[in-house]
Amino acid sequence: MEPQIIATTPFEGQRPGTSGLRKKVRVFQQPHYLENFVQAILDTRPELVGGTLVVGGDGRYYNREAVQTILRMAAANGVARVLVGRGGLLSTPAASCVVRKHQAQGAIVLSASHNPGGPDADFGIKFNAANGGPAPESMTSAIHARTQEIERYLTLDSAAVDLDRIATLTLGATRIEVIDPVADYAELMASLFDFDAIAGLFASGGFRMRFDAMHAITGPYALEILENRLGAEAGTVLNAEALPDFGGGHPDPNLTHAAALVTMTRGVDGLDFAAASDGDGDRNMILGRDCFVTPSDSLAILAANAHLTPGYRQGIRGVARSMPTSQAADRVAEALGVEHFETPTGWKFFGNLLDAGRITLCGEESFGTGSDHLREKDGLWAVLFWLNLLAARRQSVAEIVTEHWRRFGRDYYTRHDYEGVASEGAEGLMAALREQLPTLPGQQLGARRVAQADDFAYTDPIDGGRAEHQGIRIRFEDGARIVYRLSGTGTEGATLRVYIERFEPDPARHQLDPQEALGELIATARELAGIEPRTGRAAPDVIT
Ligand code: VG1
Ligand code: CO
């Protein structure tokens with residue numbers, strides 16, 4: 001079958017953000033739009049020619065069509081072998097797992113993660129490299145540069161590949177292997193955690209759990225692992241059926257979008273444990289009875305308890321967190337005598353540290369936690385980690401959290417999101433903050449004096465790569481922080497994220513409501529940035 005050469009012209013704005021290229025479905029449906037981006041990947045990653053590519057997505061609207069387009073283009077461009085999840089599905093962590101296990105040269109992952117799906121909602125595409133992780137900045141810049149000069153793409157005039165049965169097929173000269181999207185991943189999880197102990201917890205009869213798959217990709221993974229392999233009662237996995245529009249919901253596991261699950265954990269009859277994941281399965285929310293574990297605390301607690309699980313029995317080598325994530329994990333690393341790192345937002349910045357063996361665990365405040373088992377954050381992995389801890393420590397979630405605070409102190413933390421604000425207002429707000437930076441140190445803001453203020457820049461300790469303008473950081477003399485960033489995953493207008501934290505060493509003051517404990521800093525943050533005058537918003541849309 002001869003490749004067809006299709007003439008095309010560049011589209012503006014095909015620059016990947018925090019995690020790939022995310023746009024409205026309608027943008028992706030324009031003729032040549034997806035094709036240009038895929039060709040730019042193939043043109044800039046010559047190792048794919050003659051190599052192995054993994055393809056899969058979170059099953060959202062347009063996933064199937066996009067997978068067929070990518071298969072044709074991969075074949076026309078001389079990719080020797082493509083591994084594709086049945087139905088065109090792979091969770092983001094499973095894609096990373098398959099790349100590593102089968103030594104592929106990369107993956108194309110289709111997802112807009114926590115963003116809603118459907119014909120009027122969001123779609124996304126990203127490239128993962130041979131380590132299984134999101135392409136680093138150097139690669140995404142090259143892909144973007146290529147999209148700006150593209151003149152042609154290659155495809156085949158061929159019928160759609162049958163993706164619904166596990167089989168090995170050929171397309172032109174390319175071997176297409178339709179694989180079970182769950183198997184490799186489930187096997188990896190079983191190698192890391194004490195499945196017998198977790199099964200024992202479920203069998204004990206005294207432990208009640210629910211996992212909310214939010215009608216997204218983790219449904220099939222959670223059913224297989226929690227219900228089939230670990231013996232959790234039928235019905236443990238809620239909203240297990242993956243739907244192209246996530247049932248009309250917002251597949252973002254947080255206190256706002258998974259409110260029904262949160263309610264199930266409240267009161268004397270509340271669940272012992274509840275968890276949820278996002279559209280593409282890389283995020284996690286952890287809840288106990290009357291207890292929400294912030295993602296920042298979760299990272300710190302996993303680090304402090306890792307030795308209780310088989311996969312991390314030897315201890316951890318180091319921990320990294322994204323800059324806006326609370327400093328709780330740093331305290332654990334210091335206590336363990338291992339290195340800790342502060343990286344820009346986005347999983348791609350953890351890849352080098354993981355590859356170099358400098359860190360074992362890493363996480364982000366945005367409900368992302370992971371380890372060197374993969375090169376993506378991993379929602380179900382975090383859930384299984386917690387289940388393993390609950391089984392090993394025989395304590396409730398709240399007891400584990402409270403004990404952790406007693407030992408290390410509590411980092412009160414909150415994030416306030418102002419969504420869909422006008423871009424000019426948001427950019428203006430950031431620019432005005434940037435201008436104030438030189439004069440802030442030494443200034444009294446509310447009850448605290450500013451110690452440092454900067455626009456976060458990061459030099460990768462492994463390859464020296466530099467990333468600038470990664471968020472405005474204001475640090476007070478007592479270690480409290482306010483951070484401002486604009487989201488890099490949205491598809492409409494701008495989203496302003498304000499991250500606020502302070503440390504509380506006194507156990508007598510560990511049971512406050514974070515919004516109250518941080519009230520004074522929250523007010524300072526609003527005032528300093530002029531959030532209301534500049535965005536017209538009196539209150540955030542989402543508080544986590
Ligand atoms: C957000 C989060 C970031 C995360 C990214 C991708 O990015 O803040 O921590 O890595 O989403 O997560 P931003 O630029 O909107 O703040 V996922 O689960 O959407 O792939
Ligand atoms: Co995600």
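Just follow the structure's listing: the first ligand is 1, and inside any ligand the first atom is 1.
Residue contacts to the Co ion (ligand 2): Ser111 brings no N, O or S atom closer than 2.8 Å.
Using modelled atom types, no side-chain atom of Glu364 and backbone atom of Thr325 make a donor-acceptor pair closer than 3.5 Å. With Asp463 contributing its side chain and Gly465 its backbone, the two residues share a donor-acceptor pair below 3.5 Å. Remark: the backbone N or O of Ala517 is paired with a side-chain donor or acceptor of Arg502 at under 3.5 angstrom. For the pair Glu227 (side chain) and Thr236 (backbone), a donor-acceptor distance under 3.5 Å is present. Not a single donor-acceptor pair under 3.5 Å links the side chain of His215 to the backbone N or O of Ala242.
For the pair Glu376 and Pro134, the minimum side-chain heavy-atom distance is below 4.5 Å.
Remark: Arg60 does not engage Asp122 in a salt bridge, criterion side-chain N to carboxylate O under 4.0 Å. Looking at Arg283 and Asp252, a side-chain N of the basic residue comes within less than 4.0 Å of a carboxylate O on the acidic one, giving a salt bridge.
Each of the following atoms of ligand 1 lies closer than 4.0 Å to a heavy atom of Thr345: 3 (C), 8 (O), 9 (O). When each atom of ligand 1 is checked for a heavy atom of Arg22 under 4.0 Å away, the hits are 17 (V), 19 (O), 20 (O). Taking every heavy atom of Ser366 and a limit of under 4.0 angstrom, the matching atoms of ligand 1 come to 2 (C), 3 (C), 4 (C), 8 (O), 9 (O). Heavy-atom contacts of Lys377 reach the following atoms of ligand 1: 4 (C), 6 (C), 10 (O), 12 (O), 17 (V), 18 (O), 20 (O) (cutoff under 4.0 Å). Interface atoms of ligand 1 facing Gly488, defined by a heavy-atom separation under 4.0 Å, are 13 (P), 14 (O), 15 (O). Distances below 4.0 Å separate heavy atoms of Ser113 from the following atoms of ligand 1: 17 (V), 18 (O), 19 (O), 20 (O). Less than 4.0 angstrom separates some heavy atom of Asp278 from each of these atoms of ligand 1: 18 (O). Of all the atoms in ligand 1, the ones that sit under 4.0 Å from a non-hydrogen atom of Arg497 are 8 (O), 13 (P), 15 (O), 16 (O).
For atom 19 (O) of ligand 1, the nearest non-hydrogen atom of the protein is His114 ND1, 2.5 Å. Atom 1 (C) of ligand 1 has Arg283 NH2, 3.6 Å as its closest protein atom, hydrogens excluded (heavy atom only). Glu364 OE1, 2.7 Å is the protein heavy atom nearest to atom 10 (O) of ligand 1. For atom 7 (O) of ligand 1, the nearest non-hydrogen atom of the protein is Thr489 CG2, 3.4 Å.
Here the NZ atom belonging to Lys348 is positioned 4.0 Å from the CD atom belonging to Glu137, to the nearest 0.5 angstrom.
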**Asked** Phe456 and Glu342: side-chain contact (heavy atoms from CB on, under 4.5 Å), yes or no, with the steps?
**Response** CA-CA 10 Å; Phe456 181 53; Glu342 181 175 53; 4.2 Å; yes

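Contact annotation for Thr495 and ligand 1: no heavy atom of the residue comes within less than 4.0 Å of the ligand. Contact annotation: for Ser19 versus ligand 1, heavy atoms closer than 4.0 Å belong to the side chain alone.
Heavy-atom separations between Gly346 and ligand 1 include at least one value shorter than 4.0 Å.
The minimum heavy-atom distance between Thr44 and Ala142, with the atom names listed, is CG2-O, 3.6 Å.
Its N, O or S atom nearest to the Co ion (ligand 2) is what matters here, and for Asp280 that atom is OD1. When distances from the Co ion (ligand 2) to the N, O or S atoms of Asp282 are compared, OD1 comes out shortest. Between the Co ion (ligand 2) and the N, O or S atoms of Asp278, the shortest distance is to OD2.
With 3.5 Å as the limit, one finds a donor-acceptor pair spanning the side chains of His373 and Asp378.
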